[in-house]
Protein chains: 2
Amino acid sequence: MTRRLAEVAKKVGVSEATVSRVLNGKPGVSDATREAVLTALDVLGYERPTQLRGDRARLVGLVLPELQNPIFPAFAEVVGGALAQQGFTSVLCTRTVGGVSEADYVDLLLQQQVSGVVFAGGLYAQADASHGHYELLHERKLPTVLVNAAVERLDFPQVSCDDVVAAEMALGHVRALGHERIGLVLGPKDHVPSRRKLETFQAEGGDPELVEHTMFSLEGGHAAAARLVRRGVTAVICASDLLALGTVRAARRAGLSVPGDVSVVGFDDSALMNCTEPPLTTVRQPIDAMGRAVVDLLVAQIDKAVVPADELLFEPELVVRASTARPRA
Amino acid sequence: MTRRLAEVAKKVGVSEATVSRVLNGKPGVSDATREAVLTALDVLGYERPTQLRGDRARLVGLVLPELQNPIFPAFAEVVGGALAQQGFTSVLCTRTVGGVSEADYVDLLLQQQVSGVVFAGGLYAQADASHGHYELLHERKLPTVLVNAAVERLDFPQVSCDDVVAAEMALGHVRALGHERIGLVLGPKDHVPSRRKLETFQAEGGDPELVEHTMFSLEGGHAAAARLVRRGVTAVICASDLLALGTVRAARRAGLSVPGDVSVVGFDDSALMNCTEPPLTTVRQPIDAMGRAVVDLLVAQIDKAVVPADELLFEPELVVRASTARPRA
DNA sequence: TAAGCGGTTGCAAGGACTTGCGTTGATAGC
DNA sequence: GCTATCAACGCAAGTCCTTGCAACCGCTTA
């Protein structure tokens with residue numbers, strides 16, 4: 001970058017002093033000259049100083065694990081919209097196959113000078129995964145909010161859907177219908193919300209033999225539920241709607257009808273779940289309220305307010321549709 | 001920023017020379033010292049030079065209009081995954097209610113020094129909207145690919161699903177079943193893919209009286225289809241799966257069955273459309289192939305290759321499920 | 001133990017950038 | 001037509017940053 005000022009000055013036909021003033025936003029330069037200098041800077045391939053790029057860089061990182069499950073795009077829309085109203089722009093980062101790790105995204109977001117970061121259903125949810133990058137955020141004092149999981153050691157504010165209540169609701173619903181042999185399809189073993197649902201399931205007397213862990217996808221649900229169906233469950237509670245749809249498919253593949261032979265309960269109430277066959281009974285996460293809480297917590301931190309590193313628990317809501325019914329007598 | 005080097009040097013306990021070397025990425029500094037200097041820089045609130053932020057800033061902007069329609073998150077996953085394999089990180093930008101405009105996103109992405117931009121179903125699709133920001137991209141010679149629309153005046157490479165073939169397939173399918181009174185539910189009037197479908201519909205002898213424009217949402221489809229149903233159509237072709245689901249709902253609200261009384265054809269074949277009631281007959285966009293083509297075109301541009309500003313047309317595929325049938329005699 | 005060697009760091013000269021001040025030129029007022 | 005005024009800009013001194021060179025340190029080798 002030797003002789004940057006000299007080169008630009010020569011190109012524009014002004015003195016180095018003038019170029020220097022433009023680059024530092026100093027007064028005493030006409031608009032026309034300022035514009036000419038900046039243009040020459042771009043033409044010559046130099047980078048403009050940050051403050052001249054307009055300081056609209058009010059960016060917030062939004063880190064999601066995937067986009068397949070419709071709950072994540074839906075959540076991104078809620079949070080993105082609420083942030084936009086506060087004058088922030090959200091940058092959506094998704095881990096994809098063969099893609100970028102969460103730690104990489106944290107590096108990236110730090111480099112981009114984001115004002116804050118929101119993690120939803122990310123690695124942090126997996127208790128066994130590396131947490132080094134969270135500590136990095138903590139050191140840098142970057143405003144952060146975690147959604148639907150807990151990292152106990154770190155002091156981040158958290159927003160979650162109450163998994164205990166969710167599991168109780170689902171279990172209570174199918175038991176009230178008369179089911180006794182009830183299966184549970186969960187995400188990976190180190191996924192905290194799944195772990196919490198499992199604990200509640202067992203505390204409420206659910207059969208630990210009828211619990212399956214799998215990946216969060218329709219196919220994963222299919223495989224896990226197939227095992228449960230073979231063991232004669234009459235109801236299956238799932239940790240996501242996609243798992244529930246996989247469960248419906250597994251039951252049908254086994255020649256059973258839903259809800260005639262097997263009742264299925266989902267979790268999330270993501271979009272279109274009232275258009276499915278059968279319309280899915282599910283436990284709704286209040287993502288609107290949660291999203292707004294996330295943004296409030298984040299903006300408060302950005303405004304230097306002291307935010308307690310508590311976990312805000314939101315009450316889910318049971319949405320009864322047509323995938324659950326009384327068991328066959 | 002007076003005495004930056006001196007201040008940092010004093011804090012770390014080294015000479016200004018060493019700090020200078022670190023800031024310029026020069027060799028001859030131990031890793032420990034380098035780290036200490038960078039940490040001090042952060043602590044003192046100075047900004048790291050761009051090249052030290054890891055030159056992994058191989059960012060690509062991915063601008064989508066919304067995330068409600070599952071086709072957009074799906075597309076984002078395909079493109080994001082393919083980009084990740086090439087070592088790029090995608091930044092997903094979504095316009096949301098009360099949110100950021102496409103022009104704002106372009107500014108933002110330029111500021112973040114992205115390597116390229118992909119627009120899908122964005123403003124550019126709307127022929128009447130402002131295109132100033134596309135010209136800006138063109139001036140800066142920033143690699144850009146447009147998906148599913150045309151901006152004739154600008155020389156951007158484009159990747160699209162062939163709307164002519166899509167409309168012919170859908171129309172041919174319902175006509176082969178014996179339908180004659182066929183409605184068409186499209187997006188906004190200035191949405192280019194909708195416009196192309198309309199032209200094909202008319203060229204193939206479709207009735208212009210049975211065409212409705214609406215917003216791209218389930219509710220929009222419901223409202224538009226309700227008007228068509230009142231006019232006695234026996235089949236409805238829709239410009240997206242969400243519109244099709246809205247159409248199914250409108251038909252049922254009118255006391256008609258699908259496909260018994262009304263056949264419905266969607267467009268996109270987004271996820272879960274085989275789980276709906278009824279499973280939706282739809283025209284599949286080959287988003288995998290399209291996504292890979294987008295990435296190829298973009299990476300070629302980034303690698304300074306000359307890419308023709310053509311429109312690559314991808315053939316859609318008719319997926320017949322259970323929302324279409326012969327009309328009642 | 002001393003010499004050799006490679007990696008790390010400070011010194012200081014030289015170069016790049018900044019800034020106070022003076023000059024220029026345009027405009028307006030007398 | 002003359003001059004006061006002021007914005008815009010260049011000059012050059014001063015400040016800050018960069019870099020070649022040499023000193024230093026720890027390690028290996030004779």
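In what follows, chains are A, B, ... by sequence order, proteins preceding strands, each numbered from 1.
- The CZ atom of A:R34 sits 13 Å away from the C1' atom of D:dA7 (whole-angstrom rounding).
- In this structure, the CG atom of A:L5 is 13 Å from the C1' atom of D:dC17, given to the nearest Å.
- Applying the side-chain contact (heavy atoms from CB on, under 4.5 Å) criterion to B:V307, with sequence neighbours excluded, gives B:P157, B:L297, B:A300, B:Q301.
- The distance between atom CG of B:D31 and atom P of C:dT9, rounded to the nearest whole Å, is 10 Å.
- Whole-Å rounding puts the A:N24 CG to D:dC17 P distance at 12 Å.
- OP1 or OP2 of C:dT9 sits under 4.0 Å from a side-chain N or O of B:S30.
- Under the 4.5 Å side-chain criterion, counting only non-hydrogen atoms from C-beta, B:F314 is not in contact with B:S160.
- D:dA7 atom C1' lies 17 Å from atom NZ of A:K26, rounded to whole Å.
- With sequence neighbours left out, the ring pair (Phe, Tyr, Trp, His ring centres under 6.0 Å) criterion links A:F216 to A:H191.
- Spacing between atom CG of A:L23 and atom C1' of D:dC9 amounts to 16 Å, rounded to whole angstrom units.
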Every protein N/O lying under 3.5 Å from an N/O of nucleotides 4-6 of chain C:
none

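- In this structure, CD of A:E7 is placed 18 Å from P of C:dG15, rounded to the nearest angstrom.
- Residues from residues 14-21 of chain A placing a heavy atom under 4.0 Å of any atom in DNA chain C, listed by number, are A:A17, A:S20, A:R21.
- The side-chain contact (heavy atoms from CB on, under 4.5 Å) check on B:E16 picks up B:R3, B:L5, B:A6, B:A9, with sequence neighbours excluded.
- With sequence neighbours excluded, the residues satisfying side-chain contact (heavy atoms from CB on, under 4.5 Å) with B:V78 are B:I287, B:D288.
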